[in-house]
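The block underneath contains the structure these notes are about, expressed in structure tokens.
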Amino acid sequence: MDEKYYAEKIEEKWQKHWRQTGAFEVEPDDARPSFYCLEMLPYPSGFLHMGHVRNYSIGDALSWYKRLRGFNVLHPIGWDSFGQPAEQAAIKRDIMPLEWTEANIAHMRGQLQRMGVSYDWRREIAAHRPDYYRWDQWFFLKMHERGLAYKKMSPVNWCPQEETVLSNEQSSGGICWRCGASVEKRDIAQWFLRITKYAEALLDDMREIEAGWPERVLTMQRNWIGRSVGAYVDFQIKDADANAKVRVFTTRIDTIYGATAIVLAPDHPLIAGAPLKDDVARFAERVRAAAPKNPGEEEEKEGISTGLFALNPFSGEQIPVWAANYVLMEYGTGAVMSVPAHDERDFEFAQKYSLPIRRVIERISHEQEQIAHNEAALDQSVAMPHAFTDYGILVNSGDWSGKLSEDAMREMAEFAREKNFGEAAVTYRLRDWGISRQRFWGAPIPIIYCERCGAVPVPEKDLPVVLPSRADFTGAGESPLAGVSEFVNTTCPKCAGAARRETDTMDTFVDSSWYFFRYCDPHNAEAPFDAKKIAYWTPVGQYIGGIDHAVMHLLYTRFWTKMMRDLGLVSFNEPVKKLMTQGMVTNVVEGTGEWKKMSKSLGNGVDPDDMIAAYGADAVRLFILFASPPENELRWLEAGVEGAVRFLRRVYNTVFRWRDALPDAPKSAPAAEELSAQARHLRHETHRAIARVTEDFERMHFNTSVAALMELSNALGDFPSTPETTTLADRFSVREALESLVLMLTPFTPHVAEELWEKLGHEGGILGGGACWPQLIEELARKDELEIPVQVNGKLRGRLLASAEASEEQLREAALADEKVRGWTEGKQVVKVIVVPKRLVNIVVR
RNA sequence: GCCGGUGUAGCCCAACGGCAGAGGCGCUGGUCUUAGGAACCAGAGGUUGAGAGUUCAAAUCUCUCCGCCGGCACCA
């Protein structure tokens with residue numbers, strides 16, 4: 001053993017040991033409980049950043065802890081290796097996406113290995129390899145069979161100059177990133193997955209994961225799904241045939257007597273038949289061409305009358321049909337009934353275009369706002385200052401007047417259904433998932449277009465549809481894949497005639513929707529995975545990743561699981577039992593003093609390799625876990641890393657100093673009488689630390705675990721005797737403290753823990769030697785003598801020394817008899833004495 | 001605007017209704033040193049964002065307000 005702590009040497013040694021012994025390689029084992037610890041797989045950009053290091057440090061700590069607690073731990077990693085940057089590298093630097101991607105993976109794998117993360121590397125997967133993406137294609141075919149994958153027209157960002165499709169990032173600000181031309185929307189046929197079919201289940205099943213997922217992630221998903229309960233109502237178009245109806249969606253059918261217009265989205269199909277259709281078409285064109293609005297900014301409401309009139313099915317009243325920019329074709333039916341008196345947006349619109357305002361809801365409680373109105377007038381345009389949007393009681397609503405909103409909504413929807421002009425309905429903000437990308441570097445969608453047979457799915461036996469190894473990457477024109485004739489030209493699986501392949505590839509969120517199932521059986525050539533292996537490992541016990549994936553990835557993967565369940569592949573509804581969203585890693589931006597997320601553009605990034613080279617992987621990981629709780633922002637402080645090294649050095653020195661004195665210590669615990677007071681105190685500190693660290697691990701409060709380990713280390717430093725003068729019995733307590741400390745450090749700093757464990761006389765490594773988490777002895781963790789604060793009227797006035805077993809009565813007597821306390825109770829009447837055993841006494845006097 | 005989170009020492013953060021402080025960073029002083037650094041020892045630092053309520057007792061529970069962070073936002 002070196003006298004000093006040399007991180008680099010120790011880390012190399014143990015990484016080699018782990019590799020050679022396959023320390024983290026696992027297989028299903030029915031005799032042991034499984035634990036699946038998963039971190040979000042990285043995109044192989046080429047370099048690990050601090051956010052990755054934080055993510056994997058958290059996962060690794062938990063994995064080690066669970067192993068030491070006797071779990072069979074699956075801890076895998078892989079690569080989200082399809083996506084745009086590989087194509088951009090091809091355009092810019094003339095390097096093929098495959099080559100670029102594989103080189104990046106090789107480099108990042110090396111970085112992860114130098115971090116010493118305990119992965120089962122045999123299970124590594126990469127989305128861009130045909131043995132992975134063939135199963136993306138297989139799932140697509142299964143969904144296609146069931147009508148869950150379908151094609152429809154949908155807009156893309158289109159650069160008219162380069163005649164190419166752009167991603168949102170490439171068209172930010174409405175301008176093409178390469179040529180600066182203004183970007184247009186263009187409709188093309190694209191593939192969609194029917195996630196909306198699962199909207200209700202995605203909401204309902206949240207019950208199963210509520211306990212293990214952060215509230216805010218579930219809230220974000222709920223907002224995203226946007227369930228809305230209301231009703232459809234059909235309005236007959238006046239002077240047209242009986243089929244000419246406009247269907248609206250409303251959440252407030254109780255306000256229908258206040259409807260003074262129907263408002264359509266500018267691209268609503270009914271406009272084609274309107275008397276003023278040319279004016280409306282010009283208006284719609286202007287709305288479409290309007291500059292893309294800035295987020296957070298509300299556009300001025302604009303509209304135009306269509307010249308049509310509609311009949312209110314409840315009142316029979318005739319109201320005008322308008323088109324306006326604030327009604328969206330994508331939501332509900334693309335048409336609304338405008339009730340200005342009870343909807344802010346309709347109010348604003350009605351005021352601008354002088355539409356009448358009809359008041360039909362009266363407040364029901366004096367706690368609700370009384371809004372000025374003119375009882376005598378039919379139109380409230382002048383009297384009402386703004387809309388009244390609460391529920392209340394119906395007025396001016398024919399036979400329905402006098403009913404409560406809640407009752408009216410239910411009964412009026414039912415009435416509409418009976419009379420066949422509407423029904424109760426639920427709509428969602430959630431749209432189907434568009435997976436088509438007009439790109440090269442993705443999984444090809446396995447469809448063949450035949451002039452005779454139409455769109456034909458590729459037969460399963462012909463999978464995978466493999467990407468060509470080369471293509472021309474210009475960045476302009478159609479997708480590079482479309483230019484590869486040996487890929488595109490094929491024969492129809494049905495009629496064997498000449499046919500063309502689909503050249504769209506899949507969204508990369510497809511790959512990440514099910515990758516963690518593949519880890520369980522990564523080399524299976526017959527199926528995406530084996531059902532028995534899945535049953536042993538999944539669902540995931542703990543998933544760790546950034547909050548940025550709160551909606552898309554985590555919603556898609558929940559959807560995918562439900563789809564797989566319906567295919568009979570898994571037997572549960574939810575793929576992830578517990579989710580932890582880590583905070584971002586920030587650093588000071590030079591010259592501003594502000595803490596911002598590390599990024600290239602701000603120049604405040606810190607290279608993990610540099611830090612590991614300077615301080616060692618153990619110290620970097622320890623600092624990251626110690627500096628703040630995992631969900632919080634982590635402020636990068638190099639002084640903090642230095643502090644971590646200092647701590648490790650202290651522990652190292654303590655082991656070095658004691659190790660020769662320890663082998664002679666008794667193998668089992670000496671009786672308390674044989675130990676000195678200091679040794680008994682040390683045992684107390686040891687077991688207190690075990691209790692705290694264990695509890696904190698269960699809650700993933702790593703920062704406080706580390707603090708407890710530092711306390712234990714301090715207690716060892718305070719131990720008054722030297723190795724030479726300590727009795728054999730006392731040496732037992734030192735060995736116990738050191739071994740506990742080292743074992744509990746393992747999840748944070750596995751390399752140095754292995755090294756110290758070996759120096760404490762254990763062979764074969766921590767896992768190989770069968771070490772396990774230290775066993776808590778509760779009575780040692782308890783303090784036998786306690787200092788009990790005594791309060792008088794809630795103010796601290798004295799302290800008592802009492803045994804932990806002291807009864808309520810004993811504490812009460814002792815408190816009342818205490819001299820200091822009596823100074824405050826003298827001459828007063830004791831009203832009440834509250835005794836909380838082991839904690840405190842409070843005397844209430846008057 | 002709506003929803004969620006959060007506010008404790010100069011900073012990161014503990015305290016699961018019971019003494020406001022575990023740990024680290026920084027700062028001040030000391031030991032050591034030619035000096036600095038390192039290491040070790042000691043120490044200072046507070047209206048728990050503000051106000052009200054519940055309670056014997058509130059950082060903790062409830063309400064109102066303020067600040068900050070995040071999500072959604074013409075969603076009918």
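All values below were derived from every heavy atom in this structure, side-chain atoms included, with hydrogens, water molecules and symmetry-related copies excluded.
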| said: For R222(A), give me all partners under side chain to side chain contact (heavy atoms under 4.5 Å, CB included), at least two apart in sequence or on another chain. | reply: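 Side chain to side chain contact (heavy atoms under 4.5 Å, CB included) list for R222(A), sorted by chain: L203(A), M206(A), E210(A), E215(A), L218(A), T219(A).
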
| query | Considering residues at least two apart in sequence or located in another chain, which fulfil the side chain to side chain contact (heavy atoms under 4.5 Å, CB included) criterion with D390(A)? | reply |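 Checked D390(A) against side chain to side chain contact (heavy atoms under 4.5 Å, CB included); matches are Q368(A), F388(A).
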
Please tell me if [X] has a side-chain N or O lying less than 4.0 Å from either OP1 or OP2 of [N].
X: R429(A); N: C72(B); answer: no
X: R222(A); N: G4(B); answer: no
X: K301(A); N: C74(B); answer: no

Output a table of nitrogen or oxygen pairs between the protein and nucleotides 6-14 of chain B separated by less than 3.5 Å.
from	atom 1	to	atom 2	distance (Å)
C12(B)	O2'	A627(A)	O	2.5
C13(B)	OP1	N632(A)	ND2	3.2
C13(B)	O3'	N703(A)	ND2	3.3

Watson-Crick or G-U wobble mate for [N], both contacts under 3.5 Å:
N: A39(B); answer: U31(B)
N: G53(B); answer: C61(B)
N: A9(B); answer: none
N: A44(B); answer: none

| said: Can you pull out the residues from residues 837-846 of chain A that lie within a 4.0 Å heavy-atom distance of RNA chain B? | reply: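 Those residues whose heavy atoms fall under 4.0 Å from RNA chain B, taken from residues 837-846 of chain A in numerical order, are R839(A), L840(A), N842(A), V844(A).
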
| field | side chain to side chain donor-acceptor pair (under 3.5 Å) contacts touching residues 700-709 of chain A (sequence neighbours left out) | value |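 For residues 700-709 of chain A: D696(A)-T704(A).
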
| request: Could you tell me whether D254(A) and R252(A) make a salt bridge, using a distance below 4.0 angstrom between a side-chain N and a carboxylate O? | output: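 R252(A) and D254(A): salt-bridged.
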
Give every pair of a protein N or O atom and an N or O atom of nucleotides 27-31 of chain B that lie under 3.5 Å apart, one pair per line with the distance.
none

| With distance as the sole criterion, do the side chain of E215(A) and the base of C3(B) form a donor-acceptor contact below 3.5 Å? |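 It does not, because no donor-acceptor pair links the side chain of E215(A) to the base of C3(B) below 3.5 Å.
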
| query | Does Y326(A) have K301(A) sitting over its ring (NZ/CZ under 6.0 Å from centre, angle to axis within 45°)? | reply |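 Judged by the rule (NZ or CZ under 6.0 Å from the ring centre, within 45° of its axis), K301(A) counts as positioned above Y326(A).
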
